[in-house]
Amino acid sequence: EADIYQTPRYLVIGTGKKITLECSQTMGHDKMYWYQQDPGMELHLIHYSYGVNSTEKGDLSSESTVSRIRTEHFPLTLESARPSHTSQYLCASSETGTTDTQYFGPGTRLTVL
Amino acid sequence: EDQVTQSPEALRLQEGESSSLNCSYTVSGLRGLFWYRQDPGKGPEFLFTLYSAGEEKEKERLKATLTKKESFLHITAPKPEDSATYLCAVQAEETGNQFYFGTGTSLTVIP
């Protein structure tokens with residue numbers, strides 16, 4: 001059973017605000033990921049990390065930033081929210097090994113007005 | 001070029017009416033193919049990982065199979081609680097550790 005948590009679950013915020021989406025996992029997984037998902041569309045990778053102090057950008061161009069100071073914590077920050085950032089944000093983690101199965105959190109539904 | 005294509009986009013079944021969902025992929029050097037179930041407003045829930053052609057895995061009414069170019073998710077005698085979107089993802093050696101997801105099949109099982 002995957003134990004990965006995201007807060008808040010829902011967020012409505014005005015344009016220009018700075019926001020941080022939280023993601024934590026208790027499985028000790030080295031790898032963590034942030035995806036963006038719009039209705040009817042595939043998940044797009046926006047950031048990933050293979051361990052502490054390691055972060056990379058994914059395929060989807062994003063105005064967000066991430067940090068990985070602790071193994072269990074991988075927050076995503078938007079410095080200045082825009083309506084185009086309205087989406088579902090999903091955090092996932094996986095362990096290093098022959099199986100890279102990713103386990104997902106419940107997601108954060110972000111609406112920027 | 002799409003790396004993962006799922007069909008059909010949507011499927012409506014009567015309770016007890018078995019069917020299959022398809023996931024075709026174009027990557028080479030497959031490291032793994034993954035099936036997830038996603039309920040509205042929630043994160044994907046892991047179902048299966050398949051690694052090589054000919055491999056099969058089962059869980060309750062679901063059975064996943066893999067060939068060199070596609071995977072099938074067979075649903076036997078579905079129940080209304082099986083209604084969800086089923087996502088397929090592939091991980092390939094040519095793309096490192098990244099997963100590439102399909103757009104999913106939305107399954108509705110009618111009582």
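Proteins get letters first, then strands, A, B, ... in listed order; numbering begins at 1 in each. Just so we're clear, the structure is a prediction, and the values are computed from it rather than from any experiment.
- Linking Ile, Leu, Val, Met, Phe, Trp and Tyr residues whenever their side-chain heavy atoms come within less than 4.5 Å places B:Leu33 and B:Val27 in a single cluster.
- The neighbour count for B:Glu9 CD, taken as heavy atoms of other residues, nucleotides or ligands under 6.0 Å away, does not exceed 12.
- Taking the centre of each ring, A:Tyr35 and B:Phe99 stay at or above the 6.0 Å mark.
- There is no contact between A:Gln6 and chain B, counting heavy-atom distances below 4.5 Å.
- Checked by atom type and distance alone, the side chain of B:Tyr36 pairs as donor or acceptor with a backbone atom of A:Gln102 at under 3.5 Å.
- Closest heavy-atom contact between B:Arg31 and A:Asp100: NH2-OD2, 3.2 Å.
- Going from atom OH of A:Tyr103 over to atom CD of B:Glu45 covers 11.0 Å, rounded to the nearest 0.5 Å.
- Surrounding CG of A:Leu113 are more than 12 heavy atoms belonging to other residues, nucleotides or ligands, all under 6.0 Å away.
- No more than 12 heavy atoms of other residues, nucleotides or ligands sit less than 6.0 Å from atom NZ of A:Lys57.
- Shown here is B:Arg12, whose CZ atom has no more than 12 heavy atoms of other residues, nucleotides or ligands within 6.0 Å.
- Interface remark: B:Gln6 contributes no atoms to any contact with chain A (heavy atom separation under 4.5 Å).
- Both B:Leu66 and B:Leu47 belong to a common hydrophobic cluster when Ile, Leu, Val, Met, Phe, Trp and Tyr are linked at side-chain heavy-atom distances under 4.5 angstrom.
- For the pair B:Leu87 and A:Leu43, the minimum side-chain heavy-atom distance is below 4.5 Å.
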Let me see the working for B:Lys42 and A:Leu90 under side chain to side chain contact (heavy atoms under 4.5 Å, CB included), right down to the final yes or no.
CA-CA 9 Å; B:Lys42 296 187 177 181; A:Leu90 294 164; over 6 Å; no

